[in-house]
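Quick notes on the structure that follows.
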Amino acid sequence: MSDHSTPLQQSYGTAYEHLLEKVRYDGAYPTRQKAEEAVHLVLSGLGRQLTGDERVELAARLPVEAACILTAQIPDPQPLGGWAFVKDLAARTGASLATTRWDTGAVFSAVAAHAGPDLLTRILRQLPSGYALLFGRAELTQAA
């Protein structure tokens with residue numbers, strides 16, 4: 001039996017709640033709302049960059065709520081490099097580059113945990129340079 005006297009709040013699945021808590025912890029956000037704002041910002045941005053099988057597979061591994069944020073975006077025909085990605089997110093919110101870089105790292109840490117190492121490697125191969133560091137990895141370079 002449910003308690004109908006509690007105030008209405010957004011109800012999320014357990015997996016998404018765990019993702020938000022990981023982001024809140026990793027990003028040292030004072031509230032869950034701040035963590036959720038970072039998740040929306042960064043996953044929306046990633047959804048504009050990621051295409052193909054990697055996009056579909058990542059969406060399948062993320063909690064439903066996070067997957068919906070990612071896949072609601074139409075990929076840009078010209079993906080941004082890692083630093084340009086952070087600058088674009090900062091411009092969209094009016095936040096500083098340092099804050100936006102922090103948000104990106106906190107969210108990408110949680111995304112990497114859901115993706116796993118193999119999918120993350122494939123994602124990084126698809127994206128332009130500069131994303132590996134945002135995901136907490138050394139930048140991958142190809143020999144000439």
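The analysis underlying the following values was restricted to heavy atoms, covering all of them including side chains, and did not include hydrogens, waters or symmetry mates. All figures in this text were calculated on a predicted structure; none of them were measured in a lab. Start at 1 with the first residue, then count along the sequence.
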Where is the tightest heavy-atom contact between Pro63 and His114, given as atom of each residue plus distance? CD-CE1, 3.8 Å

Any side-chain heavy atom of Val23 sitting closer than 4.5 Å to one from Val42? no

Distance-minimising heavy-atom pair for Lys22 and Ala113: CE-CB, 4.0 Å

Side chains of Leu46 and Leu58: does their closest heavy-atom pair fall under 4.5 Å? yes

side-chain hydrogen bond (donor to acceptor under 3.5 Å, both in side chains) partners of Ser96, counting only residues at least two apart: Thr99

Summary of ring-ring contact (aromatic ring centres under 6.0 Å, His included) pairs that have at least one residue in residues 61-90, sequence neighbours excluded: Phe85-Phe108, Phe85-Tyr131

Might you point out which heavy atoms bring Trp102 and Gly27 nearest each other, and give the distance in Å? NE1-O, 2.8 Å

Flag side-chain contact, heavy atom, 4.5 Å: Val111 against Leu70: no

Applying side chain to side chain donor-acceptor pair (under 3.5 Å) to Thr121 and Arg137, what does each step give before you reach the verdict? CA-CA 10 Å; Thr121 296; Arg137 279 195 173 180; 2.7 Å; yes

Applying side-chain hydrogen bond (donor to acceptor under 3.5 Å, both in side chains), name anything that partners Tyr16, two or more places apart in sequence or on another chain. none

Is the backbone N or O of Gly45 less than 3.5 Å from a side-chain atom of Gln73, with the two atoms forming a donor-acceptor pair by type? no

Correct closest heavy-atom pair for Leu120 and Ala115 would be N-CB, 4.3 Å

Could I get the full list of side-chain contact (heavy atoms from CB on, under 4.5 Å) partners for Thr31, not counting sequence neighbours? Gln33, Lys34

Closest approach of Ala132 to Ala138 (non-hydrogen atoms, all atoms of both residues): CB-O, 3.3 Å

Calculate, to the nearest 0.5 Å, the distance between atoms CG and CG belonging to Leu19 and Leu43 respectively. 7.0 Å

Mind checking what makes salt bridge (charged side-chain N to carboxylate O under 4.0 Å, His left out) contact with Asp76, not counting sequence neighbours? none

Within one Ile-Leu-Val-Met-Phe-Trp-Tyr cluster: Leu133 and Leu97, side-chain cutoff 4.5 Å: no

For Arg101, salt bridge (charged side-chain N to carboxylate O under 4.0 Å, His left out) partners two or more places apart: none

Which pairs, with at least one residue in residues 39-53 and sequence neighbours excluded, count as a salt bridge (charged side-chain N to carboxylate O under 4.0 Å, His left out)? Arg48-Asp88

Checking Arg55 now: which residues fulfil side-chain contact (heavy atoms from CB on, under 4.5 Å) with it, not counting sequence neighbours? Leu50, Thr71, Pro75

Under the 3.5 angstrom rule, does the side chain of Arg32 hit a backbone N or O of Leu20 as a donor-acceptor pair? no

Report the residues that fulfil salt bridge (charged side-chain N to carboxylate O under 4.0 Å, His left out) with Glu57, sequence neighbours left out, ordered by chain and then residue number. Arg61, Arg122

Please report the shortest heavy-atom distance between Ala38 and Tyr29, naming the atom on each side. CB-OH, 3.6 Å

In this structure, CG of Leu89 is separated from CG of Leu41 (nearest 0.5 Å) by 4.5 Å

